[in-house]
Amino acid sequence: MSPAPRVRIAPSPTGYFHLGTGRTALFNWLFARQLGGQFVLRIEDTDTSRNRPEHIEGILRALEWLGLDWDEGPFFQSQRGDLYTAAIQKLIDDGAVYACDCRPEAIQKRAKEAGRSGYDGHCRDLGKPMTVGHLLRFRVPPGESGFTDLIRKDVPSNNKDVEDFGVRKSNGDPLFILANVVDDADMRISHVIRGADHVSNTHKYVLLWRALGYGPEPVFAHLPLINNDQGRKLSKRKDKVAVEDYRDEGYLSEALRNYLALLGWSPGDDREKLTVEEMISEFRLEDVKSAPAKFDEKKLSSVNKQYILAMTPDELVERAQAWLRARWAPVAAETQERARTLAQVFTMTEFIYRPEPVLDAAAWNKESKKPGFAPSLQAAVAAFVEVEWDAASIEEALTAMAEALDVKIRDVQSPIRLAVMGGPVGLPLYQSLELLGRDRTLARLRVGLERLQAGPLSV
RNA sequence: GGCCCCAUCGUCUAGUGGCCUAGGACACUACCCUCUCAAGGUAGAGACACGGGUUCGAAUCCCGUUGGGGCUGCCA
């Protein structure tokens with residue numbers, strides 16, 4: 001009997017927890033739980049320029065919400081620099097890497113002219129100094145870099161199709177692939193279960209693994225991608241990809257988890273509503289399909305409905321209450337100053353937890369006739385795409401907007417308030433927008449602009 | 001362009017050579033139930049991308065074509 005597996009989920013703190021990451025985490029977790037293995041959480045935050053500490057909290061909460069508890073970690077790559085430095089030093093000592101200072105444009109140009117992809121090894125034998133200031137590239141040896149994949153059978157590869165990839169940035173920081181391999185070795189990861197978008201990285205991974213002398217490689221499993229209804233990969237801009245968005249809209253974590261499990265996997269019969277226990281005992285990596293799946297929110301909502309239906313009324317009250325509490329607790333103090341009754345507490349905060357704001361038709365008709373209305377909304381859309389998303393920055397942006405449009409700040413505020421919050425009065429705008437989030441705010445502003453075309457509303 | 005991958009109803013899937021006149025679920029249509037809406041019930045429409053093989057027999061195996069996707073960053 002093989003030893004208990006060690007698997008990991010290695011998200012990077014980019015600001016939200018991707019649905020695909022959620023599914024990857026789930027499959028890793030199911031695999032570990034079934035076989036009594038360990039599920040390790042590692043935060044891949046080597047990119048110091050993008051690193052945002054506050055985003056880490058989001059990762060932990062999303063994982064907890066989905067009920068995926070980890071056994072070790074969170075580990076942070078940003079705190080493990082010595083390991084990477086040592087590994088890079090070994091590569092340098094072994095002559096496995098070389099320095100490169102080609103410009104990206106030049107690399108692309110040469111690749112295009114040569115009719116191939118990636119880097120062409122231009123600096124391979126130029127003996128440039130391997131000091132900080134130069135990118136360090138791995139000298140891909142001749143041979144094969146195939147690997148075992150539990151889902152897409154064995155993946156072959158000829159090294160001539162693998163470019164000399166970078167392992168250390170010119171600023172001295174390790175690159176993803178290096179840190180990834182070093183950590184998997186250090187954490188004794190036995191199975192690398194990740195998205196299919198990583199297959200080409202995996203060839204580089206095994207090459208690096210061997211060069212570092214780590215012994216037997218892990219087994220790989222590349223999960224099919226989750227695509228949007230266009231069949232393209234889910235995009236942050238166009239699609240709702242964050243796990244927390246679904247949570248905030250009132251999907252139950254067990255329903256989302258159940259639905260995600262069924263994307264690429266099935267228990268082999270007609271059952272669709274599965275308990276975690278059933279998933280744990282029946283899940284098989286080998287049964288995961290290798291074809292990508294489209295994410296269908298209609299189906300998700302149907303699964304969600306099934307879970308709601310299965311509750312007792314008391315349970316439903318509990319769950320709905322907890323959900324609501326989490327939604328409006330952040331504005332509780334602001335609400336307190338304004339609400340005269342408990343009922344008002346809810347009407348004042350509706351804009352947060354409803355999918356659409358409840359529009360005050362009379363106020364809308366009155367305000368939207370003003371000439372500054374549409375320009376304000378348009379300017380807000382333009383400004384909000386760029387701005388840092390916190391109350392102070394939003395205030396700053398609106399002040400600048402008002403100046404640019406040469407109007408008072410309240411004249412740009414009220415169209416925005418109406419479009420986003422639904423009415424002319426209510427909680428302070430900047431905090432409300434911050435809380436609502438950039439995406440939902442922008443969506444509502446755009447809806448508002450469309451609604452203008454339709455003319456006055458019936459009161 | 002280069003490298004790689006994928007291919008069953010609109011969508012998620014069952015199916016691993018005969019049990020398939022291809023099953024389920026979502027969505028859709030009709031009817032029943034019903035104060036509305038849900039929920040539930042019944043019925044319906046709806047797929048093996050195409051072309052060649054292999055085989056007594058192919059959704060299942062092989063080849064090609066077509067279509068789709070991923071990767072192609074000093075991001076991860």
Side-chain angles (χ1 to χ4, degrees), chain A residues 10-15 18 20-21 42-51 77 99-105 107-108 111-120 132-137 145-146 149 151-153 155-163 165-180 194-204 222-234 258-273 286-306 308-310:
Chain A
S12 61
T14 51
H18 196 281
T21 312
R42 181 173 79 222
I43 309 292
E44 305 222 321
D45 54 354
T46 50
D47 188 348
T48 43
S49 64
R50 293 199 202 187
N51 207 355
Q77 289 191 325
C100 168
D101 57 3
C102 291
R103 317 233 2 122
E105 312 83 65
I107 297 173
Q108 263 201 356
K112 198 169 181 183
E113 283 165 1
R116 71 194 303 283
S117 68
Y119 183 65
D120 61 357
V132 170
H134 285 312
L135 170 72
L136 251 38
R137 287 186 183 275
S145 54
D149 192 307
I151 294 172
R152 33 185 67 209
K153 69 204 174 199
V155 183
S157 172
N158 191 316
N159 290 357
K160 73 173 168 48
D161 296 322
V162 182
E163 64 173 328
F165 53 92
V167 296
R168 189 185 71 183
K169 301 184 200 182
S170 57
N171 71 2
D173 286 343
L175 247 358
F176 154 76
I177 190 79
L178 188 278
N180 197 247
R194 63 202 327 191
D197 49 340
H198 280 295
V199 293
S200 59
N201 283 328
T202 301
H203 297 292
K204 301 172 182 174
H222 289 96
L223 271 20
L225 262 18
I226 300 175
N227 290 335
N228 62 19
D229 51 8
Q230 310 289 314
R232 302 291 171 73
K233 89 175 182 169
L234 288 171
N258 194 149
Y259 176 68
L260 250 19
L262 263 19
L263 249 28
W265 178 76
S266 118
D269 54 32
D270 293 339
R271 283 171 303 149
E272 292 205 326
K273 190 160 177 282
E286 291 82 351
D287 291 342
V288 174
K289 298 218 321 173
S290 54
K294 291 178 186 171
F295 189 88
D296 181 7
E297 191 173 352
K298 286 224 179 76
K299 177 85 181 192
L300 202 216
S301 71
S302 161
V303 172
N304 206 52
K305 174 73 186 166
Q306 292 307 311
I308 286 178
L309 219 42

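The figures that follow rest on heavy atoms only: side chains count, while hydrogens, waters and symmetry mates do not. We name chains A, B, ... by the order of the sequence lines, and we start the count at 1 in each one.
- Among the protein residues, A:Glu44 comes within range of the sugar-phosphate backbone only, with heavy atoms under 4.0 Å from sugar or phosphate atoms but none that close to a base.
- The base-pairing partner of B:rC3, taking Watson-Crick or G-U wobble contacts with both distances under 3.5 Å, is B:rG70.
- The side chain of A:Ser266 has B:rA14 as its nearest neighbour among B:rA76, B:rC6, B:rA14.
- A close approach under 4.0 Å does occur between a side-chain nitrogen or oxygen of A:Thr46 and OP1 or OP2 of B:rA76.
- The C1' atoms of B:rG46 and B:rU11 are separated by 12 Å, rounded to the nearest whole Å.
- B:rA49 is paired with B:rU65 under the Watson-Crick or G-U wobble criterion, all donor-acceptor distances under 3.5 Å.
- If A:Leu262 and A:Ile107 are placed on RNA chain B by their nearest nucleotide, the residue sitting closer to the 5' end is A:Leu262.
- Within 4.0 Å of A:Asp45, counting heavy atoms only, lies no atom of the nucleic acid at all.
- The same atom, C1', is picked in B:rG51 and in B:rU66; the two are 10 Å apart, to the nearest Å.
- Taking 4.0 angstrom as the limit, A:Arg137 places a side-chain polar atom (N or O) nearer than this to OP1 or OP2 of B:rC74.
- Within 4.0 Å (heavy atoms only), A:Arg232 reaches sugar-phosphate atoms of the nucleic acid but no base atom.
- When the C1' atom is used for both B:rA45 and B:rG53, the distance is 35 Å, rounded to whole Å.
- Annotation: side chain of A:Asn180 is in contact with side chain of A:Arg42 (closest heavy-atom distance under 4.5 Å).
- Note on A:Arg152: every side-chain N or O is 4.0 Å or more away from OP1 and OP2 of B:rC6.
- A 6.0 Å sphere centred on NZ of A:Lys273 holds more than 12 heavy atoms belonging to other residues, nucleotides or ligands.
- A residue-by-residue look at A:Cys100 and A:Gln230 shows that A:Gln230 has its nearest nucleotide of RNA chain B further toward the 5' end.
- Here the nucleotide nearest the side chain of A:Pro292, chosen from B:rG70, B:rG2, B:rC6, is B:rC6.
- A:Leu309 comes within 4.0 angstrom of the backbone, heavy atoms only, and of no base.
- Straight-line distance from the CG atom of A:Asp161 to the C1' atom of B:rC5: 14 Å, rounded to whole Å.
- Summarising the geometry, the separation between CZ on A:Arg103 and C1' on B:rG73 is reported as 14 Å, rounded to the nearest angstrom.
- Heavy atoms of A:Ser12 sit under 4.0 angstrom from primed sugar atoms or phosphate atoms, though from no base atom.
- Separation of the P atoms belonging to B:rC9 and B:rG68 is 16 Å when rounded to the nearest angstrom.
- No close placement of the A:Phe165 and A:His203 rings is indicated, their centers lying 6.0 Å or farther apart.
- Interface remark: the A:Ser200 side chain does not form any donor-acceptor pair with the B:rC71 base, using a distance-only criterion of under 3.5 Å.
- For the pair A:Asn171 CG and B:rC74 C1', the computed distance is 8 Å after rounding to whole Å.
- Using a 4.0 Å heavy-atom distance criterion, A:Lys298 is classed as a sugar-phosphate-only contact.
- Salt-bridge annotation for A:Asp161 and A:Arg116: absent, with no side-chain N of the basic residue lying under 4.0 Å from a carboxylate O of the acidic one.
- B:rA7 and B:rC63 have their P atoms separated by 13 Å, with the value rounded to a whole Å.
- Using N1 to N3 plus N6-O4 or O6-N4 for Watson-Crick, or N1-O2 and O6-N3 for G-U wobble, each under 3.5 Å, B:rC26 pairs with B:rG10.
- Comparing the same atom, P, in B:rU60 and in B:rA22 gives a spacing of 15 Å after rounding to whole Å.
- Among the nucleotides B:rU11, B:rC74, B:rG2, the one closest to the side chain of A:Asp296 is B:rU11.
- Between A:Asn227 atom CG and B:rC5 atom P the separation is 18 Å, expressed in whole Å.
- A:Ile226 has its CD1 atom 15 Å from the C1' atom of B:rU13, to the nearest Å.
- Residue contacts for A:Gly166: at a heavy-atom cut-off of 4.0 Å it reaches no nucleic acid atom on any strand shown.
- Across the P atoms, B:rC62 and B:rU21 are found 23 Å apart, a figure rounded to whole Å.
- If you take atom P in B:rG24 and the same atom in B:rG44, they sit 11 Å apart, rounded to whole Å.
- Using a 4.0 Å heavy-atom distance criterion, A:Ser170 is classed as a base contact.
- No side-chain heavy atom of A:Arg168 sits under 4.5 Å from any side-chain heavy atom of A:Pro174.
- No salt bridge links A:Glu297 with A:Lys299; every basic N to acidic carboxylate O contact stays at or beyond 4.0 Å.
- Screening A:Asp149, A:Leu223, A:Ile151 against A:Ser290 for a side chain to side chain contact (heavy atoms under 4.5 Å, CB included) leaves a single residue, A:Ile151.
- B:rC31 and B:rG41 make up a base pair, with Watson-Crick or G-U wobble contacts both under 3.5 Å.
- Distance from the side chain of A:Asp47 is smallest for B:rA76 among the nucleotides B:rG1, B:rC6, B:rA76.
- Among the atoms of the strands shown, base atoms are found under 4.0 Å from some heavy atom of A:His198.
- Closest to the side chain of A:Lys305, from the set B:rA39, B:rG2, B:rC75, is B:rA39.
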Practice prompt. Check step by step if side-chain contact (heavy atoms from CB on, under 4.5 Å) holds for A:Asn227 and A:Arg232.
Written response: CA-CA 5 Å; A:Asn227 290 335; A:Arg232 302 291 171 73; 5.8 Å; no
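- With rounding to whole Å, A:Trp265 atom CH2 is found 11 Å from B:rG15 atom P.
- Counting any heavy atom pair closer than 4.0 Å across all strands shown, A:Gly264 reaches sugar-phosphate atoms only and no base atom.
- A salt bridge links A:Lys204 with A:Glu163: the closest approach of a Lys/Arg side-chain nitrogen to an acidic carboxylate oxygen falls below 4.0 angstrom.
- In this structure, A:Lys289 places its NZ atom 17 Å from C1' of B:rG70, rounding to the nearest Å.
- For the pair A:Lys233 NZ and B:rC5 P, the interatomic distance rounds to 19 Å; values are reported in whole Å.
- Listed nucleotides B:rA76, B:rU72, B:rA7 differ in distance to A:Ala291; the shortest reach to its side chain belongs to B:rA7.
- Contact of A:Lys299 with B:rA25 (side chain to base): a donor-acceptor pair of N or O atoms is detected under 3.5 Å.
- Which of B:rC6, B:rG2, B:rC12 sits closest to the side chain of A:Ala293 comes down to B:rC12.
- Applying the 4.0 Å criterion to OP1 and OP2 of B:rA76, one finds that A:Lys169 has a side-chain N or O inside that range.
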